[in-house]
2 protein chains.
Amino acid sequence: MNSETLKAPKHSDYAHRGCPVEATLDIIGGKGKGSIVCLLLDKTMRFNELQRSLDGISQRILTKQLRELEEAGLVHREVFPEVPPRVEYSLTDKGQSLRSLILELHKWGSENAL
Amino acid sequence: MNSETLKAPKHSDYAHRGCPVEATLDIIGGKGKGSIVCLLLDKTMRFNELQRSLDGISQRILTKQLRELEEAGLVHREVFPEVPPRVEYSLTDKGQSLRSLILELHKWGSENAL
DNA sequence: CAGTATCCACTGGGATACTG
DNA sequence: CAGTATCCCAGTGGATACTG
C-alpha cells in the first residue's frame, strides 16, 4: 500500500495547491500555535513556563505543537543536560519573520473577535 | 444539563481566553476559509464559482465554511429568487477589514511555505 | 522538569445521493 | 444551481499515569 498515492487528499495537500494564505494558516493554525509564537516573540521560555502561560493546554498537545513548529523551522529547541532537565524554546529567524503578521492577527482579533 | 458550564473547555473557549491571535485564527482557520476570503477580496462570487476555484472542496464543507464566515459577520450572502437559483457571496466591511492581514498571510506563505 | 504512553471522545472533512 | 441528508473515517485534543 502506497500511503502517499492512495490516501485521499488531506487537509494540507489541497490547501497548499492554490493559496499561500492556506499554507501559512496550516503552519500556525494548530491549537495554541498562535499563542506560542506570540509568547516566544519576546522571550525564550521553558516547557512548563509555556504550559502555564497557555493555561490549560495538555502536556501532550503542547509537546506536539512545539515539535511541529520546530519541524517547520520556526522554533528552536535547546536541551540543557542538567538535573533536573531544562529545555528552552525560542524563535528562529524564520519564526521571528512572523512578527508583523502575528501583530496583525493580534490587532484584528482585539478589535473584532474578543 | 447545562452545556455551557459542564462541557470541557473546547477549542475556542480556551483559545480566546488569552490570545487575540488565536481568536483570529479560529475565525479564518477552517479549511478553505483563507482561500475564500482571499477570493472574495476582489469580487463577488457564486457558489459553484467558489467551489471550482477551491478545486476539490466538497459542497458540504464549502456550505459549512460559508455559513460560519457569514455568522462571523465577514461574508454577505445574497439569494436571488430566480430559476435556476443564484446565490452571491461577497465580503462585508468587516470582511474587507481583513485585507491587509490576508495579504500578509499570502506574502509570508509565498516566501516561506510553498 | 520535560516529557511518553494509553485510551477515549469529539469533530472536521470526504463521498455519495437526493431535492426545490 | 445551490444546496441537504447520510454515512464514515482520520485526526485532534483531553485525561491520566508513568519515567529518565
B:Arg46 side-chain proximity, nearest of C:dG3, D:dC1, D:dT4: D:dC1

Rounded to whole Å, the CG-C1' distance (B:Leu62 to C:dG12) equals 15 Å

In terms of side-chain heavy atoms of B:Pro84, which of C:dG14, C:dA2, D:dC1 is nearest? D:dC1

Compare the minimum distances between each of D:dA2, C:dC1, C:dG13 and the side chain of B:Val87, then state the nucleotide with the smallest one. D:dA2

Taking a pair as Watson-Crick or G-U wobble with both distances under 3.5 Å, which nucleotide is matched to D:dG14? C:dC7

Looking only at the side chain of B:Arg77 (C-beta and beyond, no hydrogens), which of the listed nucleotides D:dA2, C:dG14, D:dG3 gets closest? D:dG3

Residues A:Arg67, A:Glu71: salt bridge by 4.0 Å N-O rule: no

Could you state the CD-C1' distance from A:Gln51 to D:dG14, rounded to the nearest angstrom? 12 Å

Pair B:Thr44, B:Glu88: side-chain N/O donor-acceptor within cut-off below 3.5 Å: no

Check: B:Thr24 side chain, A:Trp108 main-chain N or O, donor-acceptor pair, under 3.5 Å: no

Is it the case that A:Glu104 and B:Ser100 place a side-chain donor and acceptor less than 3.5 Å from each other? yes

Which nucleotide in the list D:dA17, D:dC1, D:dG14 gets nearest to the side chain of A:Lys31? D:dG14

Distance check needed: C:dG13 P versus B:Leu66 CG, whole Å only. 13 Å

Report the nucleotide, chosen from D:dA2, C:dG3, D:dG14, that has the shortest atom-to-atom distance to any side-chain atom of A:Phe47. C:dG3

In whole Å, what is the span from the CG atom of A:Asp55 to the C1' atom of D:dG13? 16 Å

Nearest to the side chain of A:Arg60, heavy atoms from C-beta on, is which of C:dG3, D:dG13, D:dA2? D:dG13

Identify the heavy atoms of A:Gln59 and A:Phe47 that sit nearest to each other, and give their distance. O-CZ, 3.9 Å

Under 4.0 Å between a side-chain N or O of B:Arg86 and OP1 or OP2 of D:dG3? no

Would you mind telling me which of C:dT4, C:dG13, C:dA17 lies closest to the side-chain atoms of B:Gln65? C:dG13

Side-chain N or O of A:Arg52 closer than 4.0 Å to phosphate OP1/OP2 of C:dA2: no

For A:Glu88 and for B:Lys64, find the nucleotide of DNA chain C with the closest heavy atom, then tell me which residue's nucleotide is more 5'. A:Glu88

Could you say whether A:Pro85 or B:Glu49 is positioned toward the 5' end of DNA chain D, judged by the nucleotide with the nearest heavy atom to each? B:Glu49

Need one value for A:Tyr89: base, sugar-phosphate or nothing, where a base atom within 4.0 Å counts as base even if backbone is also close, heavy atoms only. sugar-phosphate

Length of the line joining A:Asp26:CG and D:dG11:C1', which is rounded to integer Å: 13 Å

Between B:Gln59 and B:Glu68, which is nearer to the 5' end of DNA chain C once each is assigned its nearest nucleotide? B:Glu68

Distance in angstrom units between B:Ile61 CD1 and D:dC9 P, rounded: 17 Å

